[in-house]
Amino acid sequence: MNRRRPTLLAALTLTATAALTLSACGNDDSSGKGEGEDKIAGADTGGTTPSASPSPSQTSAGSRPEITFPSDAKNVFEGGGDGDAKKDAVLKDSSLAVNAVDEAIFKGSTGTKALGYYNTEKALSSSITYVQGYIDDNDTWIGVTRYFNRKVTFSGEDQAYVTYCSDESKSYIKNKETGKVDRSAATADSYVLYNTKLAKNAAGVWQTTDIASNRGDKACQP
């Protein structure tokens with residue numbers, strides 16, 4: 001879907017991820033949100049200043065917030081850590097960070113528990129701005145977004161980098177007020193590269209701390 005993902009997230013200093021260059025899914029957007037290079041999220045809030053979600057570092061691992069999606073939307077995460085328990089834990093929390101952002105879009109709120117539980121620092125502020133863009137436009141999305149080519153590298157015991165691609169060719173922007181769904185044909189921009197940085201907090205949660213995306217990246221094209 002052309003407008004499924006506008007532009008996501010601030011520039012990440014790519015160190016360990018440089019060797020894992022991938023691409024992720026982006027969509028062609030007649031509104032201009034998906035065209036060209038990704039902008040730094042937070043540079044243009046487009047309206048109401050969003051409120052921050054609770055810091056995940058203040059929440060114990062035993063009280064992880066439940067994340068719920070509407071019946072007409074789904075994220076599919078392919079691959080795992082090949083039986084590596086530590087990599088599996090990182091990938092699980094990385095996927096939950098993605099789901100938390102989408103849940104906030106579905107609920108029309110930047111104050112959901114999960115958003116600030118799995119995202120922190122630059123990733124949280126960028127995600128809040130990103131979600132607020134949907135809220136300001138009265139938009140949501142439907143369909144299926146696929147995440148693939150997920151890879152993990154570690155920097156010490158408590159820091160990790162995750163790269164992955166997304167395929168947004170089967171997810172579509174829907175306006176909440178009119179019910180109109182943008183079913184524009186998929187393009188190269190329906191595939192995006194994500195480079196993310198995660199840190200393990202005191203509660204044992206791998207929080208996403210920074211994220212960068214490159215829409216239309218060749219490494220993620222079908």
Q: Hey, could you give me the CG/CD distance between D139 and E177, rounded to the nearest 0.5 Å?
A: 10.5 Å
Q. Got a donor-acceptor contact below 3.5 angstrom from the N175 side chain to the T178 backbone?
A. yes
Q: Check T112 against A104 and note the closest heavy-atom contact, atom names and distance.
A: OG1-CB, 3.9 Å
Q: Could you tell me whether the side chain of S95 reaches within less than 4.5 Å of the side chain of N75, counting heavy atoms only?
A: no
Q. Is the closest side-chain heavy-atom distance between R183 and I142 below 4.5 Å?
A. yes
Q: Identify whether the distance between the nearest side-chain nitrogen and carboxylate oxygen of R150 and E78 falls below 4.0 Å.
A: no
Q) Going by an N to O cut-off under 4.0 Å, is there a salt bridge joining R146 and D167? A) yes
Q. Quick one: does NZ or CZ of K151 land under 6.0 Å from the six-membered ring centre of Y164, within 45 degrees of the ring axis?
A. no
**Q.** side chain to side chain contact (heavy atoms under 4.5 Å, CB included) between K74 and T145, worked out
**A.** CA-CA 6 Å; K74 184 179 182 180; T145 303; over 6 Å; no
Q) Considering residues, nucleotides and ligands other than K92, do more than 12 of their heavy atoms fall under 6.0 Å from its NZ? A) no
**Q.** Sub-4.5 Å side-chain heavy-atom contact between Y130 and V101
**A.** yes
Q.
As an exercise, state the distance from CD of Q221 to OG1 of T187, rounded to the nearest 0.5 Å.
A. 8.0 Å
Q. Can you tell if the side chain of K197 reaches within under 4.5 Å of the side chain of V162, non-hydrogen atoms only?
A. no
Q.
Once rounded to the nearest 0.5 Å, what's the spacing between atom CH2 of W206 and atom CG of N201?
A. 10.0 Å
(Q) So for atom NZ, which belongs to K180, do other residues, nucleotides or ligands contribute more than 12 heavy atoms lying within a distance under 6.0 Å? (A) no
Q: State the OG-CG distance between S127 and L115, to the nearest 0.5 angstrom.
A: 5.5 Å
Q) Can you tell me how far the CD1 atom of I211 sits from the OG atom of S126, to the nearest 0.5 Å? A) 8.5 Å
Q: Say whether E103 and N99, considering side chains only, have a donor N or O and an acceptor N or O under 3.5 Å apart.
A: no
Q: Search all heavy atoms of A219 against all heavy atoms of N149 and return the closest pair with its distance.
A: O-ND2, 4.4 Å
Q: Using a 4.5 Å cut-off on heavy atoms from C-beta on, say whether the side chain of F77 contacts that of V98.
A: yes
Q.
Keeping T120 on the side-chain end and G116 on the backbone end, is there a donor-acceptor pair under 3.5 Å?
A. no
Q: Report yes or no: do L96 and V76 belong to one cluster of Ile/Leu/Val/Met/Phe/Trp/Tyr joined by side chain heavy-atom distances under 4.5 Å?
A: no
Q.
Please give me the minimum heavy-atom distance between K122 and D210, naming the atom from each residue.
A. CD-OD2, 3.7 Å
Q) How long is the gap from OG1 on T110 to CG on L124, to the nearest 0.5 Å? A) 9.0 Å
**Q.** Residues R215 and E168 bridged, charged N to O under 4.0 Å
**A.** yes
Q) Can any side-chain N or O of K86 pair as donor or acceptor with the backbone N or O of E157 at less than 3.5 Å? A) yes
Q. Considering all heavy atoms of both residues, which atom of P65 and which atom of K113 are nearest to each other, and what is their separation?
A. CB-CB, 3.9 Å
Q. Hey, does Y161 have a side-chain heavy atom less than 4.5 Å from the side chain of S155?
A. yes
Q. What's the shortest heavy-atom distance between N119 and A100, and which atoms?
A. ND2-CB, 4.2 Å
Q: Classify the ring geometry between W141 and F106 as parallel (under 30°), tilted (30 to 60°) or perpendicular (over 60°).
A: tilted
Q. Between V131 and S109, which heavy-atom pair has the shortest distance, and what is it?
A. CG1-O, 4.2 Å
Q | Carboxylate-amine/guanidinium contact D93 R64, below 4.0 Å | A | yes
Q. Under a 4.5 Å side-chain heavy-atom rule over Ile, Leu, Val, Met, Phe, Trp and Tyr, are V144 and F69 clustered together?
A. no
